[in-house]
There are 2 protein chains.
Amino acid sequence: MSTSLRSEAARAATPVGNVFDANCSARHALELISGKWAMLILPALREGPMRNAGLLRKIGGISQKVLTETLRDLERNGLVIREDRRTMPLHVEYRLSALGRSLSDALVVLDRWAEQHFPALDAARERYDALIRRARVE
Amino acid sequence: MSTSLRSEAARAATPVGNVFDANCSARHALELISGKWAMLILPALREGPMRNAGLLRKIGGISQKVLTETLRDLERNGLVIREDRRTMPLHVEYRLSALGRSLSDALVVLDRWAEQHFPALDAARERYDALIRRARVE
DNA sequence: CGGGATCCTTAGCGATACTG
DNA sequence: CAGTATCGCTAAGGATCCCG
């Protein structure tokens, strides 16, 4: 989200291709990805178009508001295509653009990384916190 | 960051491996990645250990505070190793753990995606905004 | 059904000053 | 040098109600 409210910042971005440069276009693209929701929405759309309610069900913990905002932002940046068949009752579908699909390839890798390595992270956290607790007691 | 302040939530997380489940450990791992900073810090450490000041210089736009917080969070989760040679003047180095390196592999893919495709995103945004403006004028 | 509009709370984060 | 501590703002995002 947010991007839609930052037209100023977006316009000020220099069109350079190094993510380490603050305020360049590449960094802006990266910020679109960051935030957990894009990392879940785009992979969720990989197996085919989905509707609002379906995404709400599939992506645990997301609110209606944030889902709408994020989808709009993704649509604005050309990653998602919103198709509104103008019927009653309403029927709106979201699907990946070619660009969005290419990004989702990279994102599912991340998702799988998280799913594979979370036990190691959990263990590391416990170790770290135990050390801290010992240090605090001295 | 944040993770260190959410020991409660972390403890409540069910140890399940599907990122689409809210509040599972895999999701927690994903949230560690989300936020743009981890996506920049971990790749920045790929070519070798770096110090605080070096990271501040390399990663444009990050503040001292956020850098410290993020590094601590990454360290806590076992992705980064902090080495404090206890000398004067101070000398602290950060480097990737094996786990952190494996994650950075996935992250550099994202960074490169952003660097390659930002023109397409920029173009899409302009198109979208132009359409919106037309619609608003009617 | 798929949102928009509001209100409201909090976390994120910058700025600044201080310390071993 | 590499942080910690404090203040203060802003904006992300939840909850709720409404609408075509």
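Nothing here was measured: the structure is a model prediction, and the numbers come from that model. We name chains A, B, ... by the order of the sequence lines, and we start the count at 1 in each one.
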*Asks:* Counting primed atoms plus P, OP1 and OP2 as sugar-phosphate and everything else as base, spell out the protein contacts along nucleotides 14-20 of chain D at 4.0 Å heavy-atom distance: B, S or - for each nucleotide, 5' to 3'.
*Replies:* BB----B
*Asks:* May I have the distance from A/R86 (atom CZ) to C/dG3 (atom P), rounded to whole angstrom?
*Replies:* 12 Å
*Asks:* I need the B/E83 CD to B/H91 NE2 distance, nearest 0.5 Å.
*Replies:* 8.0 Å
*Asks:* Check the pair A/D122, B/N77 against side-chain contact (heavy atoms from CB on, under 4.5 Å), reporting the backbone distance first and the verdict last.
*Replies:* CA-CA 7 Å; A/D122 289 351; B/N77 286 269; 5.9 Å; no
*Asks:* Closest approach to the side chain of A/T68, judged atom by atom: which nucleotide of C/dG2, C/dG4, D/dA2 is it?
*Replies:* C/dG4
*Asks:* Report the nucleotide, chosen from D/dA2, C/dC1, C/dG3, that has the shortest atom-to-atom distance to any side-chain atom of B/V92.
*Replies:* D/dA2
*Asks:* Measure from CE on B/M50 to C1' on D/dG3 and round the result to the nearest Å.
*Replies:* 17 Å
*Asks:* Output the rounded distance in Å from CG (A/D84) to C1' (C/dG3).
*Replies:* 11 Å
*Asks:* Grab the CD-C1' distance between B/Q64 and C/dA17 for me, whole Å please.
*Replies:* 13 Å
*Asks:* May I have the distance from B/L71 (atom CG) to D/dC1 (atom C1'), rounded to whole angstrom?
*Replies:* 15 Å
*Asks:* Report the residue from B/Q64, B/R72, B/K65 that forms a side chain to side chain donor-acceptor pair (under 3.5 Å) with B/T68.
*Replies:* B/Q64
*Asks:* Below 4.0 angstrom from OP1 or OP2 of C/dG2, is there any side-chain N or O of A/R51?
*Replies:* yes
*Asks:* Rounded to whole Å, please give me the gap between CZ in B/R85 and P in D/dC1.
*Replies:* 16 Å
*Asks:* Just how far, in rounded Å, is P of C/dA11 from CG of B/D73?
*Replies:* 15 Å
*Asks:* State, without any angle test, whether A/H117 and A/R112 hold a side-chain donor-acceptor pair at a distance under 3.5 Å.
*Replies:* no
*Asks:* Are any of B/R82's side-chain N or O atoms less than 4.0 Å away from OP1 or OP2 of D/dA2?
*Replies:* no
*Asks:* Under the criterion side-chain contact (heavy atoms from CB on, under 4.5 Å), I'd like the reasoning laid out for B/D111 against B/W113: C-alpha separation, chi angles, the key distance, then a yes or no.
*Replies:* CA-CA 5 Å; B/D111 290 353; B/W113 187 94; over 6 Å; no
*Asks:* Counting only side-chain heavy atoms from C-beta out, which of C/dC1, C/dG2, C/dG3 sits nearest to A/Y94?
*Replies:* C/dG3
*Asks:* To the nearest 0.5 angstrom, please state how far the OG1 atom of A/T70 sits from the CD1 atom of A/I41.
*Replies:* 4.5 Å
*Asks:* Atom CD of A/E69 and atom P of C/dG2: how far apart are they, to the nearest Å?
*Replies:* 17 Å
*Asks:* With ILVMFWY side chains joined below 4.5 Å, transitively, what does B/Y128's cluster contain besides itself?
*Replies:* B/I132
